[in-house]
Engineer: 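Pasting a structure here, questions to come.
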Amino acid sequence: GMCVCDVVHTPQAADEMHTPSGLNNNKMHSNKIAIARAGAVGPLVQLLRAGDIEGKTRATEALINLSTNSKNMQKCMLRAGVVEPLVQLLRDGDATGRTRAAEAVRVLAGTACNQASIVRAGAVEPLVHSLKDGEDAEKLEAAGALGALASNSHNQTLILQAGAIEPLMELLRAGNAEGKSQAAGALACLSESENENNKRLIARAGAVELLVQLLRTGTDEGKSRAVRALINLSDNNTDAATQMTQAGVVKPLVEFLRIGDAAVKTVAAQALHVLARIHRNQAIMHRAGAVAPLVHLLSTGEASGKREAAGALQVLTINNRNRTEVLRLGAVEPLVQLLTTGDDVGKTSAAGVLVNISKNNNSAMLSVVRAGAIEPLVQLLRSGPVEGKTRAAEVLQILAGNNHLAIMRAGAVEPLLQLLRTGDAAGKAQASGTLRYLAVDNRGQVIVRRAGAVEPLVHLLRTGEVEGRIGAVQALIQLSENNNNKIWVARAGAIEPLVHLLKSGDAQGKSRAAEALSLLSRNERNQVAIARTGAVDPLVHLLRFGDADGKSQAARALHTLAHANSNNQMAISRAGAIEPLVELLKGGDSDGKMRATEALITLSDNNNNKVALERLGAVDALVQLLKSGDVPGRIKAAEALQVLACNSYNQVEIVRAGALEPLVQMLKTADAAGKSLAAGTLQILASNTQNQPTMMHAGAVEPLVHMLQVQA
């Protein structure tokens, strides 16, 4: 018999390979292989190169038939040199030839290598020309071919520079249903890159409104392609996303969620996810009823649908009304299920939704725990992607308040430490925050420290970014509530970077550094080491110029540094701390006044400091605090006045400043400790003969005598 390749050089033989009666019709893939082995590809390419118009067209049709869904056959054709004659047919063929050539380009452009070959051969220009001036079928195939070639930023830019946008807009505006669908598909491909300029060019040409219109009226495939194009155009492009919302895109997307097939629901959820990144769109989507079908998709959809629904809900639940709706619709259980069974993206998005709905909501936290979230969150923390680990750590931090022991029993500490050591900046910061909340009591503090948390926290304090350093110092503060941990934290080298943060951090960093140094200095060795590292001067600077919290924390640290340490007391006094402490006592908030009073009490162990305190107006300020402060403040004021009253001059000044009345009131109404403190202070004041007439007149003697009799 005669071999195919013996006759394939004629148009009729090429025609036999794609017509119903031909060799290839209704045959299995094996027939294509047999044809290739018979050597048909080379003669077909030769016919495409050297035949007449009809022969070229028939050869192209046969090549399309052979290469469709067959990567091996496509490779064979490229090796045989099919690209150049195809591009030539695009340039000089008749309408049918150009149409078939465009179709062949679309089929062959399935791999990056093929696309590069086709673009190098100059296919873009004649394809754009066909898109502009061809007949309807030619325009349709040209749009499909350009979309297939637009798989990378380089090709996309070439196609746009060749002038493809305007004819694609025209096809999208006035083409038939299939033409509009192909135009939308091409625009989806052209906008699928990191090249923001290309996206802006397409959006400015009017694509958004036309695509939204196609979303309402197109075929199912056209709608799907329109959604994909809109997703690409709105990604990182606020103007395009705003255009879409103004053009009414939300309503048809929500409708797709309700009635579309699985694929349409998935892409609709993806589009809502992108659009919801604009804050005002979240309320629009709530009004359009997007939350309920997204939760339904999360519960009942296919894997990809659940993933995209979780992604959309993660952004939507930034809005408080959407959070409430998600909880009301029972989303917690399917979210926890997705944590267990989803892919990495789905698990990460599910964790993100749980962060949003659980934050500051005790009822939601309880629901999340009861749904069994802790174990899959720990598993995500252990083996998820970078962002997934960070989101899992964040959920666990939120849940840790009443569940820190359960979280630690589930094995969270070890993967948190791994994230602390090897995560990105956000992961390290979050890990430190979660460890802080696990160390809420003595047991947690011991467990976290024994697991090896101190060294990586100190390393993060030294080398981390701003958020990481803040997280590290807050975790070290929590760990240092335990007396043994104070020693471990200091041994790990925390003091030097804390003093550095105290000097050079932002307001929050300085405040937290002062708080940490205050805790560490309750240990005698640490107290000496902190002073030697140069903490006193920056603490006094913070006391003078910090915000309210900074001043309060600086006063607290100076108090603990000065406690029972005469050298530190003198150093603090020489650094000029007494004046700003008195100013804080006069003008600070309630916590600042109390911390200033504590520091002044400690510094008053030095007699020279007592004189300075009176000179700077501390007595009047303490009496004012005694009169108008809160209960802890009044107690501290009475304690400070008692210390200062050891000086006979101060005894007279304290009475002159009006201390008797509030001390007598404290003697009558305070708790036992407060009454004892007031009695002790009055007793010291009464020992000065200059004060006795005033005290008799103020009625202080009788309740004091009664108190002393009761104590006896």
Side-chain angles (χ1 to χ4, degrees), residues 4-5 7-111 113-115 117-119 121 123 126-127 130-131 134-149 178-179 182 185-186:
V4 171
C5 58
V7 294
V8 80
H9 59 277
T10 67
Q12 292 77 17
D15 199 33
E16 286 290 304
M17 301 182 68
H18 72 272
T19 57
S21 60
L23 256 173
N24 196 45
N25 191 57
N26 297 324
K27 299 294 183 180
M28 302 294 289
H29 179 65
S30 58
N31 286 357
K32 295 183 180 181
I33 298 173
I35 292 170
R37 287 175 177 170
V41 171
L44 283 170
V45 172
Q46 181 59 29
L47 181 59
L48 176 62
R49 182 178 287 113
D52 59 14
I53 292 296
E54 182 186 2
K56 291 178 179 180
T57 302
R58 299 307 183 194
T60 303
E61 290 171 342
L63 289 167
I64 292 169
N65 201 15
L66 290 172
S67 60
T68 299
N69 299 321
S70 175
K71 292 274 193 300
N72 288 333
M73 189 67 75
Q74 293 169 15
K75 290 179 183 178
C76 181
M77 291 178 187
L78 261 74
R79 285 196 299 268
V82 73
V83 172
E84 289 76 8
L86 268 180
V87 172
Q88 192 60 41
L89 184 59
L90 281 173
R91 293 182 184 281
D92 55 23
D94 61 9
T96 303
R98 293 194 303 269
T99 302
R100 296 286 73 80
E103 183 182 358
V105 167
R106 175 177 58 79
V107 172
L108 290 171
T111 68
C113 180
N114 293 0
Q115 293 159 16
S117 298
I118 294 167
V119 170
L127 283 170
S130 290
L131 186 64
E135 298 178 359
D136 288 348
E138 186 179 346
K139 290 179 178 180
L140 188 152
E141 292 297 346
L146 290 169
L149 291 174
E178 181 59 24
Q182 288 292 353

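As a basis for the values below, the full set of heavy atoms in this structure was taken, side chains included, without hydrogen atoms, waters or symmetry mates.
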Engineer: State, to 0.1 Å, how close A40 and P43 come at their nearest heavy-atom pair, and which atoms those are.
Structural biologist: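 Closest approach of A40 to P43, heavy atoms only: O-CD, 3.2 Å.
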Engineer: Can you find a pair of side-chain heavy atoms, one from L44 and one from L66, that are under 4.5 Å apart?
Structural biologist: yes
Engineer: Using the rule given for side chain to side chain contact (heavy atoms under 4.5 Å, CB included), can you reason through N114 versus V83, listing the C-alpha separation, both sets of side-chain angles and the distance that settles it, and then say yes or no?
Structural biologist: CA-CA 9 Å; N114 293 0; V83 172; over 6 Å; no
Engineer: Please test D94 against T57 for side chain to side chain contact (heavy atoms under 4.5 Å, CB included), starting from the C-alpha separation and ending with a verdict.
Structural biologist: CA-CA 9 Å; D94 61 9; T57 302; 4.2 Å; yes
Engineer: Where is the tightest heavy-atom contact between G93 and R98, given as atom of each residue plus distance?
Structural biologist: O-NH1, 2.6 Å
Engineer: Name all residues meeting the side-chain hydrogen bond (donor to acceptor under 3.5 Å, both in side chains) criterion together with Q115; count only those two or more places apart in sequence or in a different chain, and write none if there are none.
Structural biologist: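 Expected list: S151.
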Engineer: Keeping the roles fixed (side chain from R49, backbone from G81), state whether a donor-acceptor pair exists under 3.5 Å.
Structural biologist: yes
Engineer: When rounded to the nearest 0.5 angstrom, what distance separates CD1 in I118 from OG1 in T111?
Structural biologist: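 Reported value, rounded in 0.5 Å steps: 8.0 Å.
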Engineer: Write down the atom of R106, the atom of A145, and the distance for their closest heavy-atom approach.
Structural biologist: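 So the minimum-distance heavy-atom pair works out to CB-CA, 3.9 Å.
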Engineer: Just jot down the side-chain contact (heavy atoms from CB on, under 4.5 Å) partners of A101, sequence neighbours excluded, or say none.
Structural biologist: L86, L89, L90
Engineer: Measure the CG-CE distance between L78 and M73 for me, rounded to the nearest 0.5 Å.
Structural biologist: 13.0 Å
Engineer: Apply side-chain contact (heavy atoms from CB on, under 4.5 Å) to T99 and list each qualifying residue two or more places apart in sequence or on a separate chain.
Structural biologist: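 Counting only residues at least two positions away or on another chain, T99 forms a side-chain contact (heavy atoms from CB on, under 4.5 Å) with A137, E138, E141.
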Engineer: Could you walk me through whether M77 and Q74 pass the side chain to side chain contact (heavy atoms under 4.5 Å, CB included) check?
Structural biologist: CA-CA 5 Å; M77 291 178 187; Q74 293 169 15; 5.6 Å; no
Engineer: Which value, rounded to the nearest 0.5 Å, describes the distance between S130 atom OG and L146 atom CG?
Structural biologist: 9.0 Å
Engineer: Any chance you could lay out the side chain to side chain contact (heavy atoms under 4.5 Å, CB included) test for V45 and V41, step after step, and finish with the verdict?
Structural biologist: CA-CA 6 Å; V45 172; V41 171; 4.2 Å; yes
Engineer: State, yes or no, whether a side-chain contact exists between N65 and E61 at a heavy-atom distance under 4.5 Å.
Structural biologist: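 They are not in side-chain contact.
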Engineer: Can you list every pair that meets side chain to side chain donor-acceptor pair (under 3.5 Å) and has a residue in residues 78-92, with sequence neighbours left out?
Structural biologist: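 Only Q88-D92 qualify under side chain to side chain donor-acceptor pair (under 3.5 Å).
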Engineer: Contact between L108 and L63 at the side-chain level, heavy atoms closer than 4.5 Å - yes or no?
Structural biologist: no
